[in-house]
2 protein chains.
Amino acid sequence: MSFPRPAEDEVDRLVAAWRQERPDLDVSPLEVLSRVSRLSRHLERERRAAFSAHDMESWEFDVLTALRRAGKPYELSPGALLRATLVTSGTMTNRIDRLAAAGLVTRNPDPEDRRGVLVRLTAAGLARVDAAFTDLLRRERELLAGLGQHERQALAGLLRTLLVPFDASAENAGAHHPPMGRA
Amino acid sequence: MSFPRPAEDEVDRLVAAWRQERPDLDVSPLEVLSRVSRLSRHLERERRAAFSAHDMESWEFDVLTALRRAGKPYELSPGALLRATLVTSGTMTNRIDRLAAAGLVTRNPDPEDRRGVLVRLTAAGLARVDAAFTDLLRRERELLAGLGQHERQALAGLLRTLLVPFDASAENAGAHHPPMGRA
DNA sequence: ACCTGATATCTTGACGTCAAGATATCAGGG
DNA sequence: CCCTGATATCTTGACGTCAAGATATCAGGT
């Protein structure tokens with residue numbers, strides 16, 4: 001009866017259950033969006049596993065990479081960091097405190113705005129984040145091994161189409177409902 | 001110089017920054033995986049917005065839909081619920097407590113296993129979850145409006161390819177490191 | 001009857017996040 | 001100069017989650 005067959009995932013089962021219970025509803029959006037949510041959870045676990053080898057937590061990585069990406073002198077304001085990591089100001093203060101205590105960043109007064117602070121990556125922080133990032137990329141490459149080059153580009157393009165409306169409206173967003181940013 | 005141009009998202013900018021700072025690394029995995037993570041965050045916000053109209057929290061919805069999907073008599077064990085929602089047992093106990101206090105579920109002894117409990121949706125819980133689910137689907141449909149039928153299926157298929165390895169290995173997973181489940 | 005290991009749920013304590021508000025500074029107008 | 005509203009960061013208290021362990025029950029073997 002059944003040959004190799006295209007493998008099922010949990011979402012196939014979940015959608016089938018809904019079609020049984022609510023045949024009146026069109027649950028097809030779940031085919032895409034439920035998969036995005038679930039895949040994201042799996043990715044978060046992979047991240048944690050990759051970072052534990054470097055004694056690093058996910059939240060530390062998120063902050064340190066934002067600074068690393070900024071380029072020399074690897075310095076950003078707390079406001080820029082919270083916008084880049086999608087957390088609130090209270091959370092970011094707490095994170096900076098702990099990263100500073102660990103010697104991975106320093107907190108310096110902004111010479112041009114006395115309200116402001118600039119958070120700068122230390123040499124130790126730079127080394128840590130570069131090692132972790134390299135490792136993360138290696139693992140992520142394996143997760144994508146099931147797709148060919150062409151498929152990966154198609155997938156990236158389709159996801160971009162869904163993201164553009166969000167990122168466009170965040171373009172002009174204020175400080176407190178944080179706009180966006182991730183790995 | 002520039003015509004319509006294919007719109008950029010934040011990930012395009014993020015990847016460009018990495019290529020500037022670390023031209024030695026292949027950061028292309030981020031084109032797919034960073035988009036998955038970011039999109040998932042946006043979806044979580046949409047969920048919250050959809051549910052607030054029904055005085056419901058995301059975590060409540062996750063539990064109630066698992067029961068709803070199970071079909072009559074809308075009854076599952078706490079263990080099944082934690083596997084379906086990807087949280088730990090302590091979290092699930094807490095959630096069931098609050099849902100029971102709100103009158104949306106009842107907790108009954110399992111007649112076939114005295115260690116066990118069965119959580120059952122009340123009539124009020126059923127009505128609430130059906131209303132919220134209908135509303136969520138409507139909103140999710142809008143999020144996918146940018147894609148044609150054919151593109152949506154392609155996207156769903158590509159995501160399934162990435163998910164299958166995870167869901168397959170979770171097939172035989174134990175109880176405490178929770179396996180999987182979402183919306 | 002009594003072990004033994006597995007299973008099912010609940011309890012506890014610590015932790016990270018958020019929302020709201022407090023404090024200090026800035027820039028521009030009168 | 002001193003308002004006023006905006007901006008930047010920090011503080012506080014409440015809340016949800018997790019990890020680890022406690023308790024009770026089950027199924028199989030002896």
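Chain letters run A, B, ... following the sequence lines, proteins first, then strands; residues in each count from 1.
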Checklist line | Contact under 4.0 Å: B:R107 side-chain N or O vs C:dC10 OP1/OP2 | finding: yes

Item checked: Basic-acidic side-chain contact under 4.0 Å: A:R68, B:E21 -> yes

Next item on the list: Find the distance B:E57:CD to D:dG16:P and express it as a whole number of Å.
Entry: 7 Å

Margin query: Could you check whether atom CZ of B:R138 has more than 12 heavy atoms from other residues, nucleotides or ligands sitting under 6.0 Å from it?
Written below: yes

Note to self: So, does B:T91 get its side chain near the phosphate of D:dC18, meaning an N or O under 4.0 Å from OP1 or OP2?
What the structure shows: yes

Check: How close do A:R107 and A:T93 get, heavy atom to heavy atom, and via which atoms?
Finding: NH2-O, 4.2 Å

Notebook entry, point to check: Cut-off 3.5 Å, side chains only: do A:T88 and A:T91 have a donor facing an acceptor?
Noted result: yes

Check: Where the side chain of A:S89 is concerned, which of D:dC10, D:dT17, C:dC26 is the nearest nucleotide?
Finding: D:dC10

Next item on the list: Choose from D:dA19, D:dA8, C:dC10 the nucleotide whose nearest atom is closest to any side-chain atom of A:D113.
Entry: D:dA8

Notebook entry, point to check: Are the side chain of B:R141 and the backbone N or O of A:D26 linked by a donor-acceptor pair below 3.5 Å?
Noted result: yes

Item checked: B:R22 with A:D130: basic N within carboxylate O range, under 4.0 Å -> yes

Polar atom pairs (N or O), protein with nucleotides 2-7 of chain C, under 3.5 Å:
from: C:dT7; atom 1: O2; to: B:R115; atom 2: NH1; distance (Å): 2.6

Next item on the list: Starting from C1' on C:dC18, measure out to CZ on A:R95 and report it in whole angstrom.
Entry: 12 Å

Check: Where each pair must be Watson-Crick or G-U wobble with both distances under 3.5 Å, what dot-bracket representation of DNA chain D is obtained, with crossing pairs in [ ] and other-strand partners as |?
Finding: ||||||||||||||||||||||||||||||

Checklist line | Residue whose nearest DNA chain D nucleotide is more 5′ - A:G90 or A:G116 | finding: A:G116

Item checked: Short side-chain N/O contact to C:dT17 OP1/OP2 from A:R98, under 4.0 Å -> yes

Item checked: B:L82 CG - D:dT17 P separation (whole Å) -> 13 Å

Check: Quick one: A:E44 CD to C:dG16 C1', roughly how many Å, whole number?
Finding: 13 Å

Note to self: Donor-acceptor pair, distance only, cut-off 3.5 Å: does the side chain of B:S77 make one with the backbone of B:L118?
What the structure shows: no

Margin query: Can you tell me if A:R114 touches the phosphate of C:dA27, counting only side-chain N or O atoms and a distance under 4.0 Å to OP1 or OP2?
Written below: no

Next item on the list: In whole angstrom, give the distance that lies between atom CD of A:E112 and atom P of C:dT25.
Entry: 17 Å

Checklist line | Out of C:dT17, D:dG16, D:dC10, whichever nucleotide has its closest atom nearest the side chain of B:N94 | finding: D:dG16

Next item on the list: Provide, to the nearest angstrom, the distance between the CG atom belonging to A:D62 and the P atom belonging to C:dG16.
Entry: 14 Å

Checklist line | Separation of C:dA8 C1' from B:L81 CG (nearest whole Å) | finding: 13 Å

Notebook entry, point to check: B:T65 side chain to B:D62 main-chain N or O, any donor-acceptor pair under 3.5 Å?
Noted result: yes

Note to self: What is the separation between atom CG on B:D97 and atom P on D:dC15, rounded to the nearest whole Å?
What the structure shows: 15 Å

Margin query: Given 3.5 Å as the limit, does a donor-acceptor pair link the side chain of B:T122 with the main chain of B:L104, or not?
Written below: yes

Notebook entry, point to check: When all nucleic acid strands are considered with a 4.0 Å heavy-atom cut-off, which category describes B:G79: base, sugar-phosphate, or nothing?
Noted result: sugar-phosphate

Next item on the list: Give a yes or no on whether a salt bridge exists between B:D12 and B:R35, defined as a side-chain N under 4.0 angstrom from a carboxylate O.
Entry: yes

